[in-house]
Structures are given as C-alpha cells and as structure tokens.
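These notes are about the structure you will find just below.
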Amino acid sequence: MIQAENFIFYQIYPKSFCDSNGDGIGDLAGIQSKIGYLKDLGINAIWLTPCYESPNVDNGYDVANYRKISEEVGGNAAFEKLLHALHENGIKLIVDLVANHTSDQHAWFLEAKKSKDNPYRNYYIWRETPPNDWQSLFGGSAWEYDERTKEYYLHSYAVEQPDLNWENPAVRQEIQNIVDYWIKKGVDGFRCDVLDQISKDLHDPNGNGNGPMLHPYIRELFGRNATENIFTVGECWAATADNVKLFCDKDRKELTTVFTFQHLCLSKNKFTTKKPSLKDLCKKMASWQQVTQEAGVYNTSFLENHDQPRSVSRFGNDTSYRYESATLLGGLTLLQRGIPFLFQGQEIGITNSRHDALEAFNDVETLNYFKTNDNLPEAERFANINAVGRDNARRPIPWTAKTEKSWIAPYARSEEINVEKDLRAEKPVFAFYRDLITLRKTNKAISHGTFTLLNLTDEYYAFQREYGEEKITVLCAFERGARIENAYGGAAILNNYSDYAPQELKPYQLIVLK
Ligand code: GLC
Ligand code: CA
C-alpha cells in the first residue's frame, strides 16, 4: 500500500527546467544534473509533465505517441537513465497520463479520419451534427467539422486535440496497456490529465465533466492488481465537496488522491488583473481542509502548476514583500493537510514575468484569448495575460542571471531573481522551503495529523495540526499584518522574520508554534 502522507512532490516542466546541451530546450539529462539540488531541497517525488512525441500545440498535452519520449528531451534512453538515477537517490517519479484526448497527429486519429468505416473511427467521437453546443476550454466550439468524411469530431481543448471515445472498450484497453507499459518501465505512478472528463454525457448541456461512467472507468483502469502499488492523482476540476470521496476513498480502489481547484478559481473570468485576496484563498483552503478531512480522504496541497500564474504574484506581493509572501505561501502549501505539490521555481520565489509583445507568448490558451478578444484594448489584454497566463509558469528556470537561449521568451526578472543569487542570499527562499520540508518530514502532526481551524479574520489565518500528543499551530498574517488579542501558546520553531511578537504579526509573517 502507498503511504500517501509521506510524499512531497515537485513538479517539473521538462522543456523549461534545465537545458543540458544548450539547444534552448530543457531536457531529461538536465533534470538528472539537478538531482543534488532537489535532494537538497528535500522533496521525495517528482511529477514530470508530458514529454512524449508531440506536435506541441498544447505543449505536450497533445500526445502523438504514448510510448515514445520526445527526442528533443532525450528520448526513451534518457528517460530510463533519469528514472534509474532518481530511484538511486530515493526519489519517486510519476508521469503524466493524457487520456482524455490525443494529438490529431496520433496514428489512431490519422486512421480515424480516413473513412467512417475505418477500424479506428470509433476511437473518437464523431457526429453528423453537433449534439450540443459545448465550448472548447481554449475558446470556440468544441466540435470541428472534418471535410473528408463530412462529420464533426469533439475536442474539449484545441482543435488539434480530439477527445477519445472511452465508451469504446478498445480505447480503454489501449489506455490500460499504456499504463502497464510505463509501470513495467518502473514509474511510480501517474498524474491523470483532466481525468473527470473521460466519460461524457453528450446530452448534458452543461458539458463535460463527471460523466455517468467516470467512476467505473477509473476503477477499471486503476483498481487492478497491476496498479495496486501505484500512486495516482487525478486532475479533477469537477470534484466537489459532495463527490470528492468517490475519487479517493481507499476502499473504492480508484485514485490515491486528486487535484481540486476551488481555491484557485476565485474569480468568474479567468483573464483578469484583479487579484484574489489572501483571505479568500485561506477561506477556501480551510473549507477544503475540513471537507476532505470529514470525508476521510487525503487530497493535495498546491498553489502552483504549469497552468497557473506564480503564486507570489497572484496572492502575495512580488516586489516589496517577495521573500515574506513567497515563504508564507510555501507554508500554506507544506503545512496544511494533504499531499504537497511544489512547482519548479516556487522554491526560489519566482514571480510572474511581464512581456509586451505577442511573440513572447507561446501558450495556446493565451494566444486564443488574445486573438478572440480583440474588442478589448491591446494594453488590457496584455495586462491580463501577464497576470494570469500560463506562460508565467513555463519560462525557463533562471539558474543564473542570464538564460542564453530558450524555446520561449525567458523570465524577465532573471537578473534580480535566479537560483544562484537566491542560494547566496542572506535569506534564501530556498532555505525556508527546505526548512518547511524538514519540518513536514519530522513532525507527524504536519504530515499525518488532523486539521483544526483556529481563526480566520481579515488579518490572519490560524490553524492547528495534531497527531497523538504532538501539536503544531500555524499563524499566517495577511498583507497588512495582524493584531492578535489572545496570543497563541507554544515556542516558535519557524518564522519568516527575524523576530516574533506574539500579539503583533508583520505583513505576510508565518509563524509555526510547537
Ligand atoms: C490539463 C493540463 C493543461 C492542458 C489541458 C489539456 O488541464 O494541465 O496544461 O492544456 O489539460 O490537456
Ligand atoms: Ca536541450
């Protein structure tokens, strides 16, 4: 059985992590060269975003061959080497399983397109007329007309990402075979892309998510003997307080855990410069702590991934309080209940990056937004994509002040914020993250304990974690600092300021009391 509570994940976006041969594209050998850095940080598991053969319309989430690692990152040989090296260093590796859709360049789709009676036709979802008016999550209709056979196919994402038809048992068998292929290679598990979309009710006008066969399909795939010791995390935008238990209740044999998104969906429209408040964030997180605890399940704890802007820019202050807010957000990620997932660069407090030319952007969602909203002034669209666009997470990690060459415009603040500089700083963000990880590894109250909300005011968030005799109290001050009338007891074992006045917290101050 998997001890989910012990994992501390670090997500790597390979093309932007570390480039070992200077061609401008991060690669697997680059990751291998940074194992020492990752061990130093203290993480014990990695989620590798997809780097299979792909035309890269959606940066690898359009897979053309599920069994081939792309040559630009080093191919299958480099993957096996990396996996071996990670295991030798006690680090687990989970890979991305993108099974809701393929690339339109996948052999199955190239076949399926040929004729209505092609044996692969039914691998995808074709209709003479669209049965609903679902919208693609990247904008426009989710149905694309194909001239050759005069039918529409479903694509929940880009036109070049046709959705697979999971009702076809042959498709489910193919996916199972892919899972087994990577298990045989030695991977430790899977992060399952938009998993809650695999079963569809085409008559549901509200769209795509939580379809009627979702749970039976998950169980069929992961409830097998072959997958018993495999870590699985589903990306489940449709997970709610009412159904989260269905995904990751141990007895149901579906998933180890889920990514839920309520805490990151704090505004109606995605593309806005309006910042959510730290208080709203903490409120959502606290309520999900309670929901999952009551449901007896373990979810994940994260603020960043390759689809999200940088947390310090979104929830903190990325200029005058960058250190304090980055470390506070690290505390929120690593001290609450749930399996923590850090995203590359978060550990040195990387911020969003400002760019004012469209060539600096690569993400299909961002570019679609920019093109289809030409009713808005250009300056406003740039402000929006700089604030929340996915490329913020996808710019190469600035190991030094200058990134020589890269497939996407490099991080704009790398002179000021880079790994080399952070590690040499008087107060490295990295060191604080390392301390948080050590704390989590050495205190069962944090890794395994219960969660109790102590207080959530306009000024601060306080919670307690408890395991047996062990009790940890965490205080998180918001942007203006906090006055606390009845000070909390215990000795401060971690503090992102050099001093601590129990009744007067400074802006973004994080205090751990034991
Ligand atoms: C998930 C991925 C995202 C991708 C989408 C379609 O949300 O995290 O990057 O664009 O699925 O595969
Ligand atoms: Ca390279």
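Note: hydrogens, waters and symmetry copies are ignored here, and every other heavy atom, side chains too, is used. Both counts, for ligands and for their atoms, begin at 1 and track the order of listing.
Below 4.0 Å from some heavy atom of H101 lie the following atoms of ligand 1, by number and element: 6 (C), 12 (O). Remark: ligand 1 atoms within the under-4.0 Å shell around heavy atoms of D58 are 4 (C), 5 (C), 6 (C), 10 (O), 12 (O). Of all atoms in ligand 1, numbered sequentially from 1 with element shown, those under 4.0 Å from a heavy atom of V194 are 1 (C), 7 (O), 11 (O).
The ring pair (Phe, Tyr, Trp, His ring centres under 6.0 Å) test with H101 is passed by exactly one of W166, Y157, Y123: Y157.
L264 has its side chain out of reach of L266: every pair of non-hydrogen atoms, C-beta onward, lies at least 4.5 Å apart.
Taking the six-membered ring for Trp and thresholds of 30 and 60 degrees, F302 and F259 have ring planes more than 60 degrees apart, a perpendicular arrangement. Between F261 and W237, the ring planes lie parallel to each other; the angle is under 30°, not in the 30° to 60° tilted range.
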Stepwise salt bridge (Lys or Arg N to Asp or Glu O under 4.0 Å) check, D307 with R394: CA-CA 9 Å; D307 296 328; R394 301 175 178 190; 3.1 Å; yes
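Some N or O of H306 is nearer than 3.5 Å to an N or O of ligand 1, by distance alone. Here's the thing with W237: none of its N/O atoms is less than 3.5 angstrom from an N/O atom of ligand 1.
Counting heavy atoms under 4.0 Å from ligand 1, residue Q308 does not touch it at all.
Distances from ligand 1 to the non-hydrogen atoms of E365 include no value under 4.0 Å. Judged by the shortest distance from any of its heavy atoms, R394 lies inside the 4.0 Å radius around the atoms of ligand 1. The closest approach between Q197 and ligand 1 stays at or above 4.0 Å for every heavy atom of the residue.
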Result block: side-chain N/O donor-acceptor pairs under 3.5 angstrom for residues 105-113, not counting sequence neighbours:
residue	atom	partner	partner atom	Å
H106	ND1	W108	N	3.0
E111	OE1	N118	ND2	2.9
E111	OE2	K114	NZ	2.7

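W47 has its ring centre no less than 6.0 Å from the ring centre of F343.
The set of protein atoms (N, O or S) found at less than 3.0 Å from the Ca ion (ligand 2) reads D19 OD1, N21 OD1, D23 OD1, I25 O, D27 OD2, by chain and number.
Counting protein heavy atoms only, atom 1 (C) of ligand 1 is closest to D193 OD1, 2.7 Å.
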